[in-house]
Structures are given as structure tokens and as C-alpha cells.
Peer 1: 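Please see the structure below; I have some questions.
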Amino acid sequence: MKKFKRIKRTVVHKGAIIDMCRDDVITPDGNQVEWDYLIHNGAAAVIPVMDDGKILMTRQWRNAVDKFALEIPAGGKDGKDEPTIECARRELEEETGYKSDNIEFLQTIIPAIAYSGETIDIYVAKNLEKSEQNLDEDEDIEIEMYSLDELVEMIQNNEINDAKTIAAIMTYYSKKIKNI
């Protein structure tokens with residue numbers, strides 16, 4: 001396999017959630033190139049499944065796209081060493097007002113593999129117990145419930161655009177269909 005060699009990484013901006021870097025890289029044919037790279041501590045997301053099979057979804061404003069988006073609950077880790085299952089548990093309760101003692105790993109995704117090392121571990125939560133929503137100061141989240149079939153149809157109709165939500169719902173759907 002051909003080798004690329006990063007010879008330098010320069011942080012050009014430190015942000016609250018991400019740091020933007022410029023990487024100087026030598027390609028296998030000897031060219032020196034610059035690539036942008038975003039450093040992110042990682043995140044967790046969770047598919048909250050009610051006893052009747054309905055899935056709790058969050059609808060919240062997303063500044064980057066200047067619109068409301070329908071998503072599964074998710075959030076960044078509180079530090080790079082926080083276990084993602086703890087992050088998923090926290091975000092579930094903060095965003096939806098439900099907690100669970102039955103959270104299982106579903107998959108890991110890398111949402112922007114070309115320019116970021118961010119990973120999102122996705123979980124499925126069942127046996128939900130009503131608790132209390134505890135939103136961050138910059139959040140205004142509405143909770144909605146949908147069947148799995150409704151969510152798949154919304155993805156197919158381009159009504160859900162969030163990559164983590166699409167990956168999570170479609171993986172959960174395929175595993176449920178195949179009874180894995």
C-alpha cells in the first residue's frame with residue numbers, strides 16, 4: 001500500500017467544539033500538499049425506542065444549514081476520555097427527558113471522513129423511563145415520535161438529511177428486518 005506522510009500539523013483556529021488545522025502532507029509520488037483537518041473529541045447518538053416501537057426524535061434549529069432538522073438525540077463527549085455510552089446516556093436524558101438502563105451499541109460512523117477525525121458511536125435505548133428534559137442553554141428542542149417505517153420513508157423522501165440519523169435509522173431498520 002502506498003504511504004502518505006504528514007510532516008506538520010498546525011492549529012490555525014481553536015474553537016469551542018472543534019479545532020481547525022492545516023496539515024502538510026507528502027504524497028506517495030513525492031508531492032507536498034496542504035489539507036484542512038478538523039479535530040473533534042467525538043460524540044455519541046442514540047435511537048430511543050419506546051415500548052410500542054415508536055422512536056423519539058428531536059427537532060432543533062441548526063445554524064449551519066439555517067433550518068430546523070429532525071434528528072436522533074446526540075451530543076459531543078465531555079472530554080476525549082468520556083466513554084461514549086455515558087455520553088449517549090446523558091444526551092438521551094438531556095434532550096428527550098427519558099432515561100434507560102438498556103442501551104446497546106449499534107455502530108460507529110465517521111461523518112466527514114475527508115476532513116475530520118470525528119467519530120460518532122450510535123446506540124439503541126429501550127425500556128425508556130420518563131425523566132426530565134435538561135437542555136443546554138443554546139438548545140430549544142421539540143420531541144416527536146415516529147414509527148420506524150415513517151422514518152425510513154422520510155429519509156427516502158429527503159425529509160431527513162442528517163447523516164448520523166440516516167445511518168442510524170437505516171442500520172437499525174436493516175438489523176430489525178433481518179432479525180440480527
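When a residue number appears, it is its place in the shown sequence, counting from 1.
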Peer 1: Any non-hydrogen side-chain atom of Thr171 less than 4.5 Å from a side-chain atom of Lys175?
Peer 2: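 Yes, at least one pair of side-chain atoms sits under 4.5 Å.
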Peer 1: Does Ile7 sit in a hydrophobic cluster with other residues, and if so which ones, taking ILVMFWY side chains as linked at heavy-atom separations under 4.5 Å, directly or through other members?
Peer 2: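 Members other than Ile7 - counting any ILVMFWY side chain reachable under 4.5 Å - are Ile26.
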Peer 1: Look at the side chain of Glu82 and the backbone N and O of Gly79, then say whether any donor-acceptor pair between them is shorter than 3.5 Å.
Peer 2: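 No: the side chain of Glu82 does not pair with the backbone of Gly79.
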Peer 1: Just to verify, which of Glu95, Glu159, Glu144 counts as forming a salt bridge (Lys or Arg N to Asp or Glu O under 4.0 Å) with Arg59?
Peer 2: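 Output: one option passes, namely Glu144.
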Peer 1: Kindly work out whether a path of hydrophobic side-chain contacts (I/L/V/M/F/W/Y, heavy atoms less than 4.5 Å apart) joins Ile110 to Met20.
Peer 2: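 No, Ile110 does not connect to Met20 through the hydrophobic network.
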Peer 1: Can you check whether Gly15's main-chain N or O pairs, donor with acceptor, with Asp19's side chain at less than 3.5 Å?
Peer 2: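 Pair found, side chain donor or acceptor close to backbone of Gly15.
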Peer 1: Please report the shortest heavy-atom distance between Pro111 and Glu118, naming the atom on each side.
Peer 2: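 Nearest pair, atom of Pro111 first, then Glu118: CD-O, 3.4 Å.
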Peer 1: To the nearest 0.5 Å, how far apart are CD1 in Ile141 and OG1 in Thr96?
Peer 2: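 With rounding to 0.5 Å, CD1 (Ile141) is 9.0 Å from OG1 (Thr96).
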Peer 1: So, does Thr165 use its side chain to make a donor-acceptor pair with the main chain of Ile72 at under 3.5 Å?
Peer 2: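 Yes; at least one donor-acceptor contact below 3.5 Å.
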Peer 1: Are Asn127 and Ser100 linked by a side-chain donor-acceptor pair shorter than 3.5 Å?
Peer 2: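 Asn127 vs Ser100: no donor-acceptor pair found between side chains.
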Peer 1: Could you pull out the closest heavy-atom pair between Asn41 and Lys77, with the gap in Å?
Peer 2: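 Heavy-atom minimum between the residues: O-CE, 3.0 Å.
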Peer 1: Quick one: are Ile169 and Ile55 in side-chain contact, heavy atoms under 4.5 Å?
Peer 2: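 Yes; the side chains approach each other to less than 4.5 Å.
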Peer 1: With a 4.5 Å limit on heavy-atom distance, are the side chains of Leu92 and Leu128 in contact?
Peer 2: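 They are in side-chain contact.
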Peer 1: When clusters are formed by joining ILVMFWY residues with side-chain heavy atoms under 4.5 Å apart, either directly or through shared neighbours, do Val33 and Val12 land in the same one?
Peer 2: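 Per the 4.5 Å side-chain linkage, Val33 and Val12 are not co-clustered.
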Peer 1: Assess the side chains of Ser147 and Asp149: does a donor N or O sit below 3.5 Å from an acceptor N or O?
Peer 2: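 Checked: Ser147/Asp149 side chains show no N/O donor-acceptor pair below 3.5 Å.
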Peer 1: Is it the case that atom NZ in Lys80 sees more than 12 heavy atoms from other parts of the structure closer than 6.0 Å?
Peer 2: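 Check fails, neighbour count at 12 or below.
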Peer 1: Out of curiosity, Glu93 CD to Glu129 CD, how far, rounded to the nearest 0.5 Å?
Peer 2: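 So the CD of Glu93 and the CD of Glu129 are separated by 9.0 Å.
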Peer 1: Residues two or more places apart in sequence or in another chain: which of them pass ring-ring contact (aromatic ring centres under 6.0 Å, His included) with Tyr115?
Peer 2: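 Result, ring-ring contact (aromatic ring centres under 6.0 Å, His included) vs Tyr115: none returned.
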Peer 1: With rounding to the nearest 0.5 angstrom, report the NZ to CG distance, Lys54 to Leu151.
Peer 2: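 Between atom NZ of Lys54 and atom CG of Leu151 there are 9.5 Å.
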Peer 1: Side-chain contact, heavy-atom cut-off 4.5 Å: Glu91 with Thr58?
Peer 2: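 Glu91 does not reach Thr58 side chain to side chain.
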Peer 1: From Arg89 CZ over to Lys99 NZ, what is the distance, rounded to the nearest 0.5 angstrom?
Peer 2: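 Arg89 atom CZ to Lys99 atom NZ measures 10.5 Å (nearest 0.5 Å).
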Peer 1: Check this for me: Lys126, atom NZ, are more than 12 non-hydrogen atoms of other residues, nucleotides or ligands nearer than 6.0 Å?
Peer 2: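 No - once you tally the heavy atoms of other residues, nucleotides and ligands closer than 6.0 Å, there are 12 at most.
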Peer 1: Please, which pairs that meet ring pair (Phe, Tyr, Trp, His ring centres under 6.0 Å) have at least one residue in residues 65-114, sequence neighbours excluded?
Peer 2: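 Found Trp61-Phe68, Phe105-Tyr123.
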Peer 1: Kindly give the heavy-atom pair with the smallest separation between Ala125 and Ile103, and that separation in Å.
Peer 2: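 For Ala125 versus Ile103, the nearest heavy atoms are CB-CG1, 3.9 Å.
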Peer 1: CD1 of Ile143 to CD of Gln60: how many Å apart, nearest 0.5 Å?
Peer 2: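 It comes to 9.0 Å.
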Peer 1: Can you spot which of Val46, Asp121, Ile47 makes a side chain to side chain contact (heavy atoms under 4.5 Å, CB included) with Leu106?
Peer 2: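 Testing each of Val46, Asp121, Ile47 against Leu106, the sole residue satisfying side chain to side chain contact (heavy atoms under 4.5 Å, CB included) is Ile47.
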Peer 1: Might you confirm whether atom CD of Glu104 has over 12 heavy atoms from other residues, nucleotides or ligands at distances under 6.0 Å?
Peer 2: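 No, not enclosed.
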Peer 1: Quick check on Asn31: does its CG atom have over 12 non-hydrogen neighbours (other residues, nucleotides or ligands) under 6.0 Å away?
Peer 2: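 For Asn31, atom CG is crowded (more than 12 foreign heavy atoms under 6.0 Å).
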Peer 1: Are the side chains of Cys21 and Ile39 in touch, meaning some heavy atoms are under 4.5 Å apart?
Peer 2: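 Sidechains of Ile39 and Cys21: in contact.
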Peer 1: Which atoms form the tightest heavy-atom contact between Ala74 and Ala45, and what is the distance?
Peer 2: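 Minimum heavy-atom separation between Ala74 and Ala45: CB-CB, 3.6 Å.
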Peer 1: Closest approach of Cys87 and Gly76, non-hydrogen atoms and distance?
Peer 2: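 Smallest heavy-atom distance, with atoms named: SG-O, 3.5 Å.
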Peer 1: I need the Asn161 CG to Glu71 CD distance, nearest 0.5 Å.
Peer 2: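 Result: 10.0 Å between the selected atoms.
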Peer 1: Any Lys/Arg nitrogen of Asp78 or Arg90 sitting under 4.0 Å from an Asp/Glu carboxylate oxygen of the other?
Peer 2: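 The answer is yes: the pair qualifies as a salt bridge.
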Peer 1: Quick one: which residue pairs count as a ring pair (Phe, Tyr, Trp, His ring centres under 6.0 Å) with a foot in residues 2-38, not counting sequence neighbours?
Peer 2: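 Only Phe4-Trp35 qualify under ring pair (Phe, Tyr, Trp, His ring centres under 6.0 Å).
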Peer 1: Not counting sequence neighbours, which residues clear ring-ring contact (aromatic ring centres under 6.0 Å, His included) with Tyr173? List them please.
Peer 2: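 Expected list: none.
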Peer 1: Evaluate the side-chain proximity of His40 to Leu38: yes if any heavy-atom separation is below 4.5 Å, no if none is.
Peer 2: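 Sidechains of His40 and Leu38: no contact.
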Peer 1: Hydrophobic cluster membership, with links at side-chain heavy-atom distances under 4.5 Å among I/L/V/M/F/W/Y: are Ile18 and Ile109 in one?
Peer 2: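 No, because Ile18 and Ile109 fall into different hydrophobic clusters, even though each may have its own neighbours under 4.5 Å.
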Peer 1: Test of understanding: with side chain to side chain contact (heavy atoms under 4.5 Å, CB included), list the residues that count as partners of Met170, not counting sequence neighbours.
Peer 2: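 Scan of Met170 (side chain to side chain contact (heavy atoms under 4.5 Å, CB included), adjacent residues dropped) gives Val152, Ile155, Ile166.
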